[in-house]
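One structure below.
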Amino acid sequence: ETGVTQSPTHLIKTRGQQVTLRCSSQSGHNTVSWYQQALGQGPQFIFQYYREEENGRGNFPPRFSGLQFPNYSSELNVNALELDDSALYLCASPSTGGGFTDTQYFGPGTRLTVL
Amino acid sequence: GDSVTQMEGPVTLSEEAFLTINCTYTATGYPSLFWYVQYPGEGLQLLLKATKADDKGSNKGFEATYRKETTSFHLEKGSVQVSDSAVYFCALSDSSGNTPLVFGKGTRLSVIA
C-alpha cells in the first residue's frame, strides 16, 4: 500500500475531447510527479509539481497541463486528445519531502483509451 | 541524455529457476539506480535501489549490485516463484535528485509451475 490513490481507474474518450485525471497522496508531501506509460513501454515523465507550481516538464506538449492543490491532491488535464494519448497515467509522490532520489511511491494508475 | 537499456522480454522460467534481468545505463555522474516491479493491473512498486557504486540493493530475495565500471545494475533472484510473474523496470535518477526517473522499457517475466 503506497498511500497514493488515483481516479478514475479506467476512462474512455474520443479524439478531440478533454480529460482530467486525479491523484492524492496520504503522505501529504508537497511534490507530485506524473508519468505516461504507453503499452509495452516504460513510464515517461510528464511534469512535476512542487508547492502548487510546475517544477519540471518532460517532452510533452502544452495541452498536457496540471494542477496541485493545497491539500496536495493533483490533477492532470489533457486537451484535444489524440489516439496516441492512450496509455496508463501514473502519479508518484516521494517517501519524504526530497527529490527524485527518494523512493517514489506510485499510484495504481488511470488507464485512458482514446477512440 | 540519460538512458536505461534492459534486456528484451518476455522471459519465461520454471518455478525455482535462477533469474537474471540485465540492465545497463548511460548517465553523467553517479546516478541512483532502481528496480521497480509492476504486477498485472497495478501501478509500480519499488523493489530495490542502490545509490552509490558497489552498493547492493536487496528485497524479497531479489538482488542487484551497482557496477560503475560496467554501468550495470542487473537484477537476480536465486529461485523464482509463480508470484514473481510481473513486468520489471530498471530506472535511474541523477545524483542531484532534481531530475525525474528515467525508465527502461521493462522486461516481462512469466514463471510457470
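Below, read A as the first sequence line, B as the second, and so on, with proteins coming before strands; counting in each chain starts at 1.
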Please answer whether the main-chain N or O of A:Cys91 pairs with a side-chain N or O of A:Gln6 as donor and acceptor at a distance below 3.5 Å.
->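 A pair under 3.5 Å: yes.
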Could you tell me whether the side chain of B:Tyr66 and the main chain of B:Pro31 form a donor-acceptor pair under 3.5 Å?
->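 Yes; judged by distance alone, with no hydrogens or angles, the pair exists.
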Are B:Ser14 and B:Glu16 close enough, and set up right, to give a side-chain hydrogen bond (donor to acceptor under 3.5 Å, both in side chains), and what steps lead you there?
-> CA-CA 6 Å; B:Ser14 298; B:Glu16 300 183 3; over 6 Å; no
Between A:Ala92, A:Gly109, A:Pro43, A:Gly42, which residue shows the highest count of heavy-atom pairs closer than 4.5 Å to chain B?
->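 Answer, by heavy-atom pair count under 4.5 Å with chain B: A:Pro43.
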Between A:Ser24 and A:Thr5, is any side-chain donor less than 3.5 angstrom from a side-chain acceptor?
->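 A:Ser24 vs A:Thr5: donor-acceptor pair found between side chains.
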Would you say the side-chain atoms of B:Thr65 and B:Glu63 include a donor-acceptor pair closer than 3.5 Å?
->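 On atom types as modelled, these side chains do not qualify, holding no pair under 3.5 Å.
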Portion of A:Gln37 that has a non-hydrogen atom of chain B nearer than 4.5 angstrom |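 When you check distances to chain B, only side chain atoms of A:Gln37 fall under 4.5 Å.
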Proximity of residues 104-113 of chain B to chain A, residues having a non-hydrogen atom under 4.5 angstrom =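 Contacts with chain A: B:Gly104, B:Lys105.
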Checking B:Gln6 against chain A: side chain, backbone, both or neither under 4.5 Å from a heavy atom?
->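 B:Gln6 has no heavy atom closer than 4.5 Å to chain A.
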With sequence neighbours left out, which residue pairs that include part of residues 64-90 of chain A fulfil the salt bridge (Lys or Arg N to Asp or Glu O under 4.0 Å) condition?
->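 Qualifying pairs: A:Arg22-A:Glu75, A:Arg63-A:Glu82, A:Arg63-A:Asp85.
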Answer yes or no: are there more than 12 heavy-atom neighbours, outside A:Glu53 itself, under 6.0 Å from its atom CD?
->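 Count not over threshold, so no.
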